[in-house]
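The first residue in the sequence is number 1, and the count goes up from there.
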Amino acid sequence: EELSAGGGLDDRTIVSFTINFEPNQSVFSDSQYAGDFQEALKIAQTYGGSLIVVEGHSDPLGILKARQKNESAAVVRQMEQQAKNLSLQRARAVRESFLEYCKKKQFTIDESQFVAVGLGITAPKFNPPRTKEEWAANRRVVFRIKQIEAELTEFSPL
């Protein structure tokens, strides 16, 4: 199956699903996502050269409120770093859980295909969140399987 040659990385996303978290939570129940993991496993088997990116996200509301209250730049930076750390913990938890799921299914997977990244508050779904639901939707991990080619298949000069 040929993927469309598009511009951004999102054009190359084969599958993605989202796992939401409670405030300050970095662990989750993998049994809740067994269906998604099964689907992701099938796609990882089909697309051997795929890259699996596990993106952790944090909600920006606390930081936006701190800025509004004119908290010092140092305090805001510390909050941003803490949000980034939390988002990375979330991404790592999902990555480890999926790798564990693969082992249970006796599927050997190349762990170097998996990248866990903590994006902190840099890409909220809702900025600022205006409802409790939007606030909750910002606390998430997005699991994406992407088809990435290391080299071009045809030459064209820059």
Exercise. Would you indicate whether the side-chain heavy atoms of S58 and R90 approach each other to under 4.5 Å?
Key: yes
Exercise. Taking all non-hydrogen atoms of both residues into account, name the closest pair between L86 and Q25 and its distance.
Key: CD1-O, 3.8 Å
Practice problem: Taking the side chain as every heavy atom from C-beta outward, state whether F17 and V94 have any pair of such atoms under 4.5 Å apart. | Solution: no
Quiz item: Shared ILVMFWY cluster between F143 and V27, side chains joined below 4.5 angstrom?
Solution: no
Self-check item: Least distance between heavy atoms, R95 atom then A116 atom
Solution: CD-CB, 3.9 Å
Exercise. Kindly work out whether a path of hydrophobic side-chain contacts (I/L/V/M/F/W/Y, heavy atoms less than 4.5 Å apart) joins L41 to F37.
Key: yes
Quiz prompt | Result of checking I52, T18, T13 against R144 for side chain to side chain contact (heavy atoms under 4.5 Å, CB included) | solution = T13
Quiz prompt | Test side-chain contact (heavy atoms from CB on, under 4.5 Å) applied to R140 and K125, step by step | solution = CA-CA 9 Å; R140 71 199 190 284; K125 266 181 140 173; 3.7 Å; yes
Exercise. Would you kindly say whether Q89 and N85 are connected by a side-chain donor-acceptor distance under 3.5 Å?
Key: no
Self-check item: Check: E111 and L99 side chains under 4.5 Å, non-hydrogen atoms
Solution: yes
Quiz item: Would you find more than 12 non-hydrogen atoms of other residues, nucleotides or ligands less than 6.0 Å from N24 atom CG?
Solution: no
Quiz item: Does the side chain of Y33 reach to within under 4.5 Å of the side chain of S97, using non-hydrogen atoms?
Solution: no
Quiz item: Are F114 and F98 close enough that their ring centres sit under 6.0 Å apart?
Solution: yes
Self-check item: Non-hydrogen side-chain atoms of I145 and S16 separated by less than 4.5 Å
Solution: no
Practice problem: For Q113 and S50, indicate whether the former's side chain and the latter's backbone hold a donor-acceptor pair under 3.5 Å. | Solution: yes
Practice problem: Please say which of Q82, Q78, R77 ends up in a side chain to side chain contact (heavy atoms under 4.5 Å, CB included) with E80. | Solution: R77
Quiz item: Between CG of N138 and CD1 of I121, what distance do you get to the nearest 0.5 Å?
Solution: 10.0 Å
Quiz prompt | Distance, nearest 0.5 Å, that separates NZ of K105 from NZ of K42 | solution = 10.5 Å
Quiz prompt | Any side-chain heavy-atom pair of P23 and R139 under 4.5 Å | solution = yes
Practice problem: Provide the closest heavy-atom pair for Y101 versus Q38 in the form atom of the first, atom of the second, distance. | Solution: OH-OE1, 2.6 Å
Exercise. Specify the closest pair of heavy atoms between A91 and G56, including all atoms of both residues, with the distance to one decimal.
Key: CB-N, 3.7 Å
Quiz item: To the nearest 0.5 Å, what is the distance between OG1 (T108) and NZ (K103)?
Solution: 10.0 Å
Self-check item: Closest heavy-atom pair and its distance - A136, N20
Solution: O-ND2, 3.5 Å
Quiz item: Side chains of D59 and P129: closer than 4.5 Å at any heavy-atom pair?
Solution: yes
Quiz item: Any side-chain heavy atom of V142 sitting closer than 4.5 Å to one from H57?
Solution: yes
Quiz prompt | Stepwise side-chain contact (heavy atoms from CB on, under 4.5 Å) check, V54 with V117 | solution = CA-CA 6 Å; V54 185; V117 288; over 6 Å; no
